[in-house]
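These notes concern the structure reproduced below.
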Amino acid sequence: MHLHVVDHPLIAHKLTVLRDERTDSARFRLLTDELVMLLAYEATRSIRVEEKVISTPVSQMTGTGLSNPRPVVVPILRAGLGMLEGLLRMLPTAEVGFLGMVRDDETFEVTAYAERLPTDLSGRQIFIIDPMLATGGTLAMAIDYLLARGVSEVTAICLVSAPEGVEHIEKTYAGRADVTVYTAALDEKLNENGYIVPGLGDAGDRMYGVV
């Protein structure tokens, strides 16, 4: 597994405001959107491209275009939805699949309640988006869904990550799949309730309220 903690002063500033418990939902969503765009800039460095011949107002030239098939973005519901628009601004031609998952607050077990993905994803570049990589259970289940559809390479974009979650993904997929994680911060640890410390709380609740 490849871990990239994106070190940039704008990311550090925006993440600090995002973490602040005084930041309201509207501001939280806006900051999430901005952070995803900054992280996506780094996470798409290895995106597949091909040569493309165009004509400028002055002459013809050979430029660069994204290769087919198009990349696939997979937000983890519900908090991952808050990251979708920011990534699609960077990859407007990408296709979008959905995975709905929920974690039991006591056992930390993850269950899936919704799935909308193409049957065959062989050869596709996949970008999973989820605000937090905590225990790693949610990301692991998402990766398993994708591996079952022929995927061999996955890039995950998370706002904050815990060492325990990173270790879990590293051990689970060593030799099985090429997994890369881009995150704005690698935090200290998980607490007894499975929350990242210092973290940012429940991202879904902070984005959309408690429903």
Side-chain angles (χ1 to χ4, degrees), residues 1-15 17-18 26-99 114-131 133 139 142-143 145-159 161 173 177-185 207:
M1 193 202 80
H2 313 283
L3 175 68
H4 298 273
V5 181
V6 183
D7 182 18
H8 191 285
L10 278 179
I11 289 178
H13 162 69
K14 292 177 186 295
L15 184 58
V17 181
L18 191 78
R27 183 66 172 156
F28 193 96
R29 291 193 297 269
L30 177 63
L31 286 164
T32 297
D33 188 76
E34 293 173 346
L35 280 164
V36 171
M37 292 181 68
L38 292 169
L39 290 171
Y41 179 80
E42 296 294 331
T44 54
R45 284 187 179 275
S46 60
I47 200 164
R48 296 173 194 148
V49 295
E50 58 189 21
E51 291 185 347
K52 183 177 181 180
V53 178
I54 64 166
S55 294
T56 76
V58 178
S59 68
Q60 191 177 73
M61 65 161 284
T62 301
T64 300
L66 296 184
S67 301
N68 285 316
R70 293 177 289 168
V72 179
V73 178
V74 182
I76 306 299
L77 306 180
R78 67 178 165 144
L81 280 178
M83 302 173 68
L84 181 58
E85 288 302 319
L87 189 50
L88 288 180
R89 286 193 184 92
M90 303 297 285
L91 289 174
T93 61
E95 291 187 285
V96 180
F98 295 93
L99 285 172
E115 176 265 311
R116 184 68 173 176
L117 293 168
T119 302
D120 184 9
L121 288 169
S122 302
R124 306 293 293 270
Q125 282 192 291
I126 308 294
F127 294 89
I128 299 175
I129 47 177
D130 195 14
L133 172 54
L139 181 57
I143 294 172
Y145 268 95
L146 296 166
L147 293 181
R149 287 162 171 78
V151 173
S152 59
E153 178 185 348
V154 176
T155 298
I157 301 176
C158 306
L159 301 182
S161 301
Y173 297 102
D178 186 2
V179 179
T180 304
V181 176
Y182 283 85
T183 186
M207 284 180 191

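In this text, all values refer to a predicted model and were calculated from it rather than measured experimentally. The chain is numbered in sequence order, starting from 1. Heavy atoms only: backbone and side chains are in, while hydrogens, waters and symmetry mates are out.
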(message) Please give me the minimum heavy-atom distance between Ile11 and Leu35, naming the atom from each residue.
(response) O-CD2, 3.7 Å
(message) In the structure I gave you, are the side-chain heavy atoms of Val6 and Leu38 within less than 4.5 Å of one another anywhere?
(response) no
(message) Tell me the closest heavy-atom pair linking Leu147 and Ala177, and the distance in Å.
(response) CD2-CB, 3.8 Å
(message) If you define the side chain from C-beta out and look only at heavy atoms, does anything of Val154 sit under 4.5 Å from Val74?
(response) no
(message) Ignoring hydrogens, what is the shortest heavy-atom contact between Ala43 and Ile157? Give both atom names and the distance.
(response) CB-CD1, 3.7 Å
(request) Side-chain contact test, heavy atoms from C-beta onward, threshold under 4.5 Å: evaluate it for Ile76 versus Leu139 and give yes or no. (result) no
(message) Among residues at least two apart in sequence or on other chains, which ones pass side chain to side chain donor-acceptor pair (under 3.5 Å) with Asn68?
(response) none
(request) Under the salt bridge (Lys or Arg N to Asp or Glu O under 4.0 Å) rule, collect the residues that match up with Arg116, sequence neighbours excluded. (result) none
(message) Quick check against the 3.5 Å criterion: does Arg70 have a side-chain atom that pairs as donor or acceptor with the backbone of Thr93?
(response) yes
(request) For residues Ala184 and Val5, report the shortest heavy-atom separation together with the two atoms involved. (result) O-CG1, 4.1 Å
(request) With rounding to the nearest 0.5 Å, note down the distance linking CE in Met207 to CZ in Arg78. (result) 9.5 Å
(message) Rounded to the nearest 0.5 Å, what separates atom NZ in Lys14 from atom CZ in Arg27?
(response) 6.5 Å
(request) With the side chain counted from C-beta on, respond yes when Val73 and Leu84 share a heavy-atom pair under 4.5 Å apart, and no when they do not. (result) yes
(request) Supply the atom-to-atom distance Tyr145 OH to Leu117 CG, rounded to the nearest 0.5 angstrom. (result) 9.0 Å
(message) Under the rule for ring-ring contact (aromatic ring centres under 6.0 Å, His included), what residues qualify as partners of His4, not counting sequence neighbours?
(response) Tyr182
(request) Any chance you could measure Thr62, atom OG1, to Lys52, atom NZ, to the nearest 0.5 Å? (result) 12.0 Å
(message) Against Pro69, only a single residue in Glu95, Arg124, Gln125 fulfils side-chain contact (heavy atoms from CB on, under 4.5 Å); can you say which?
(response) Arg124
(request) Taking Thr183 for its side chain and Cys158 for its backbone only, find out whether a donor-acceptor pair lies under 3.5 Å. (result) yes
(message) To check you understand the geometry: which heavy-atom pair defines the closest contact between Ser161 and Val181, and what is its length?
(response) OG-CG1, 4.5 Å
(message) Please report the interatomic distance CG(Asp178) to OG1(Thr180), rounded to the nearest 0.5 Å.
(response) 5.0 Å
(request) Could you check if a side-chain atom of Asp33 sits within less than 4.5 angstrom of a side-chain atom of Arg89, using non-hydrogen atoms only? (result) yes
(request) Measure the shortest side-chain to side-chain distance between Leu18 and Leu15 over non-hydrogen atoms and say whether it is less than 4.5 angstrom. (result) yes
(request) Answer yes or no: does atom CD of Glu51 have more than 12 heavy-atom neighbours from other residues, nucleotides or ligands under 6.0 Å? (result) no
(request) Look up atom CE in Met90 and atom CG in Leu88, then write down how far apart they are to the nearest 0.5 Å. (result) 11.5 Å
(request) Measure across Arg149 and Thr119 and return the closest heavy-atom pair with its distance rounded to 0.1 Å. (result) CG-O, 3.2 Å
(message) Could you tell me if the side chain of Ile126 sits less than 4.5 Å from the side chain of Glu153, heavy atoms only?
(response) no
(message) Does any part of the side chain of Leu146, heavy atoms only, come nearer than 4.5 Å to the side chain of Ile128, both counted from C-beta?
(response) yes
